Structures are given as C-alpha cells and as structure tokens.
Amino acid sequence: MAKENNAVRLKRRLISEVTNLALTGKLADEIDSVPYSMTNENWEIIQCCIHHDRANLRLRLMSLLGYSTEGMLDVDKPLRAYAQEALAGKKPDAFPLSLMSAACNGCTKSRYIVTNACQGCLARPCKVNCPKGAVSIINNQSHIDPELCVNCGLCEKSCPFHAIIKIPVPCEEVCPVGAIQKGEDGIAKIDESKCILCGKCLSACPFGAPAEKSEIVQVLSALTHGKKLIALVAPAAMVQFPFPPGKFIAALEHFGFSKVMEVAEAADRVAEAEAREFAERLHDNKKVLATSCCPSWVRAAGGMDLEQILSDTPSPMLVAAKTAKAQDPDAFTVFIGPCLAKRWEAHRASQNSQLVDAVLTSEEVGAMLMAAGIQVNEENEEDLAKAGNASAYGRGFAMTQGVTAAVKHALSPSAVEVNSCIVSGITKDTASQLKKVQESDKPLLIEVMACDGGCINGPCQLTNPKVAGAFLERYKAAAKKTAGPMLAANSAANERKACASSSAENHHTTASKSA
Amino acid sequence: MNQVKVTICVGTACYVLGGAELLGMVDEMTAKFGGKVICEGSPCLGFCKLSRNSKAPFALVNDKLLEAATPESLLKAVEEALSEVQNG
Ligand code: FES
C-alpha cells in the first residue's frame, strides 16, 4: 500500500507546523499565516490556483484544531479564533471524521469505459453478455451507453483483451459499509450513522478530502499548562519506528510525557476477562463470543445487528486508562495508536467517566516528534519494564489472530475446546459471513479486526505493516513476563465445572475458519 | 568498486515524511539487485534543517542526493547508478 504520498506528507507537515507554534506559544498569533508560509517555497499548485490551495490549507488546519470542515463554512472566522478555543481545551465532537467538501474533487460517478485496446472482435462478448443492451459497436469499437449501463461489470469480465476498465470513485470503492457516497452535487458525503470509522477512505482519497478532527492542540495545551501527561501506547504504536520500543518510550518522555504505559499489559487482562466471559456464556448455553477491542468492529456490529455477540469486556485502552487514572486522578491520559475509531471510543466512554483525555494517532505523534526535533534513534533506550509488564500475548493484540491466541491461551486450563473465526479486515461481505457463523452450535470465538492484518495496518500508521509486523515480533520476543493470560486457578476450576456439560460434546473439534 | 551504496535517512523528519516507505524497499532491492546494491539506514543527514522539512525524505545513492525521495525515484536512481558503474 503506497501510504506515503503528497497528501499524507502535507498532513504531516501541517501537524508539525501546528505543534511548533503551540509549543512556542505562538499558535493563536501565527496560525493564520501558515497557509501563506507553506505555499511560498516550491509549492506545486494542487487545485486550480494558489488561492484555492490556501483556502484548503486553512480547512486542513481547522481539522487539526478539531473542527469539522464539511459544507460551507464561516470563512470570515479567523483560524486564530478556532485556535484559542482549542487551546482552551474545547474538544472535537464525538464523530472524529469529516469530509472537506472544498477539497473533494467531485470525481465522476464510478463507471465502465472502453479503452483503445478494444479490437472490435467477432465474438463481441461484451455486447453478448450485457444484460441491458448498453453495449453497441460504433466504428468497429465497443461503446457503452451510460444511460443504459447499470455498472454490473459483466463486459469488463468477459473481454479477452481487458479492453474495458472500471473507473472507480476511490472513497466509495473502499468503504466496506457504503457510508461514503457522492451527493447530488457530486461531492462526497459521509453518513455518520453508517460509518464505522475504519479510516479506509482517509488513505484512499488522492485529494485528502476526508480529514480527522485532531486533538493535538488539546494535548499540547495540556502539556504547556504543566499537566502531567501519561501516554498509553498501543502495541501497534510501539513498533512504528525502526528502533527498539525503549527508544520510542524515551522519545515520548523527551517530548514531555511524564510517564509511558504499555497498553499491552491491559490487553493481557482483557484476554483473561474475555476468557472468563466466554466460559460464563457457555454456562448459559450461549455458544458465541466476539471480541470487542476493535472499536470500528463495535460500530459495525451495531449496523449488522450483531451486538448481542459482542463481548462486554472493555478494550485494553479503557482498562489501561482506568489504571492510570486510579494511580493519578489528575493525570491527563493520552492514548496513542494507529487508529481513527479509538477517538470515538474514548469519547463514548467519557460519558460515564473521563478515562481517556485525548487520543493521538501514530502519525500525529511521529509528526510531533519531528516538530520537536527529537531523533528517536539518539535517545537512550528506556527499560521496557518501566512502561509495563505485558506478556507476548498482550503485545500480540496488534496483529490479526493475536487476540484469539491470547483468549485461547487464557482458556486453556478449562477444558473448553474453542473454535475460532477470524475476520482480518472488514469488507462488504463481512456481515453475511458473520450472520452465518453466529448460529454456531459449538463454542466459537469470533475475532474481528476492521483493518486487514490488524491494528498494525491501521489508517493512521507511520510505517508499512509488513515492516511493523517484523518489529512487533521483536517487541513480543522482548517480553519478560513469560506466563500468558490465564483464568485464575480457582475460577478456572469452577468454570471448568460450570461448562463441563457444554464442552463435553464439543471436545473433539477444533476447526479454524479463517476469513 | 562496482557496488552502489544506498543511504536512507531514518532521522525523524525523513522517516515521518516518507522514509518509512523507503525502508520498506530494502528487501525488494536486495532481491532485485543482490550484492550489487548495499542499503543502509542513517541517522539524520542534516538536510531537513535546511529546508523546513519540505524536501524530506532524503536518500543518497552513492554521492547523489535525492530530495523528496519516493520508492519510485529511489529505484530509478539506483538503476541509473548501476548502469553508470557498469559502463565505466
Ligand atoms: S531527518 Fe533526514 S535529513 Fe534530517
């Protein structure tokens, strides 16, 4: 996946500019000049002219300040005013994604076209196979009548020369739940009730129109006001730099975090709790449990009417934040991960109690370290034990199959034989697939990760998931704690008794269906 | 000396602005060119400070500096360097 492109670079440079200004106390005074200073050296015009580009830079800065950039906006309100609100701690609303209508290219509706590779052959499978009679031959070449075409794609599949191609709308193409669609005016819109915040459109749109509502300014403001910042670092975020995690931890401390905690330690406890929950469900004769650590999946489960199979166990982020707040109620907790949906999860959880004060993405943290001129490799490697004592299982949550491995390990003392179903990346087919398997009459653990490959392939990652995967293996191997998550001996014994009946008949099968 | 030396900056600015993707190329280049190309990561080369990051990521192919390097531009520069080495 070619993540690194100009749209991504631009976003990261803007994060870095904003960080610089905030750290030096000049954000409110100077933010209005950023669209100008950015465009004076070697600026390549992106949209029609430099004025349009500057207007869009202004909108991008607004989203970095946490504001929505959808539709017609108050163009007279200076960025300064928005910045002052953000610096005063105003948080973005619950839905962390907005679509910058002004940056949207209004791509033409997705359609099939015939290219010059068409040979005007005798067989004419395109014409023969078209169910709508939309293909005709003009001047010895196929021609698709857009009025009649229903975008079924049969002509494309049947052409032996691959002469027919689909021109997609990138955002619509990648959205697994049909939440992003072009409106009447051709400009894309996000249906918040359908959107699962997987972030696929963020990477897919070549115009960088979908934008996150960031919380960087709230974090920087807390830092400059002397609050005690605690970083809760997801396992996937620990392995974004090509250096040992101990150096990344040191870099965060250098930046100003008072303390760094590895969320993987909480993940160990989550695996134990989910194992316990599973055993209890089996006791109640419910056979299926789905993991709940991926917030995009939690949102998707709502839309698929599958909430009843979701585990009630809170995510590792919330468990870690709870620990942090218990130790220090005045601390400002900042979760760091490659995920967009965590921001929503943190917001939702805050209705009960304020556990996670802000969420930063790996991408944002990378750009903030860049702004501060911190070289991760030059830091003195911190002892990982200072950040926590997770097992390799907890650290494995970052990658597909990791949660399953951890929960199964925790269940191993009870005699329950568990089947698993792994969904690595939510697609358009996930709903029907899960509807089928949830009828299982054997104990079934369903793990769903919205991102293909798991969190290391999150939409806001810094590094290529293949590379991050290799670093994750090293991080797992460095675990000092050798015992994985376990049901407590006592409760395991009870649970074993409790679910003896349900496990007996299923003892023989361990199948793994993978998606 | 007919090897080509590739230095990829993994300083923070370069890494964040695209160096991570260049690093992902190392395996590919080793597979493609074998021992003819040697790749190494380098701490901040110092160029980022001169350009307010606008030209990061930087990479060196022998002594030639690549600005705003992409996997494609890096590969092209390596191929050019290889053909220079071979032709004289
Ligand atoms: S980080 Fe690459 S030149 Fe400084």
Side-chain angles (χ1 to χ4, degrees), chain A residues 1-17 19-20 34 37-44 239-243 247-248 251 254-255 338 361-379 460-471, chain B residues 5-33 37-61 64-79:
Chain A
M1 181 178 58
K3 266 286 283 181
E4 313 307 330
N5 55 48
N6 281 329
V8 173
R9 292 182 64 220
L10 179 60
K11 176 165 50 154
R12 295 178 185 172
R13 284 184 60 203
L14 285 171
I15 297 168
S16 159
E17 290 286 327
T19 304
N20 254 327
V34 174
S37 62
M38 286 282 280
T39 48
N40 61 17
E41 32 159 349
N42 324 301
W43 182 258
E44 260 178 57
V239 295
Q240 295 292 318
F241 279 90
F243 312 110
K247 287 194 181 246
F248 179 59
H254 185 165
F255 187 82
T361 68
S362 293
E363 178 177 49
E364 287 165 346
V365 170
M368 288 161 87
L369 292 176
M370 160 171 119
I374 293 173
Q375 296 294 345
V376 179
N377 68 311
E378 284 170 15
E379 296 294 322
C460 310
Q461 94 269 47
L462 263 183
T463 193
N464 170 313
K466 258 205 328 230
V467 180
F471 297 145
Chain B
K5 188 174 161 211
V6 177
T7 312
I8 297 170
C9 180
V10 289
T12 306
C14 287
Y15 189 74
V16 169
L17 292 176
E21 217 53 32
L22 300 179
L23 218 54
M25 291 280 295
V26 171
D27 285 347
E28 195 181 309
M29 286 202 287
T30 321
K32 194 164 175 187
F33 304 115
V37 174
I38 318 172
C39 300
E40 63 177 34
S42 155
C44 173
L45 296 167
F47 300 114
C48 57
K49 301 190 180 65
L50 305 175
S51 70
R52 279 180 82 217
N53 300 332
S54 70
K55 291 177 189 159
F58 295 96
L60 291 165
V61 175
K64 188 174 162 222
L65 178 68
L66 296 187
E67 297 176 342
T70 60
E72 296 73 34
S73 72
L74 181 62
L75 200 61
K76 188 164 155 262
V78 169
E79 276 164 356

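Order of the sequence lines fixes the chain letters, A, B, ..., with proteins taken first and strands second; residue numbering starts at 1 for each chain. From a predicted model like this one, the values you see are computed outputs, not experimental measurements.
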Compare every heavy atom of [Y] with every heavy atom of [X], then report the nearest pair and how far apart it is.
X	Y	answer
A/R12	B/V16	NH1-O, 2.8 Å
A/R9	B/K55	NH2-C, 4.1 Å
A/G366	B/T12	O-CG2, 4.0 Å
B/A13	A/M370	CA-SD, 3.6 Å

Q. With only heavy atoms counted, which part of A/V467 is less than 4.5 Å from chain B, the side chain, the backbone, both or neither?
A. side chain
**Q.** Per-residue contact mode, A/I374 against chain B (heavy atom under 4.5 angstrom)
**A.** backbone
Q: Evaluate the criterion side-chain contact (heavy atoms from CB on, under 4.5 Å) for residue pair A/F241 and B/V10; output intermediate values, then yes/no.
A: CA-CA 9 Å; A/F241 279 90; B/V10 289; over 6 Å; no
Q) Got a donor-acceptor contact below 3.5 angstrom from the A/R13 side chain to the B/L17 backbone? A) no
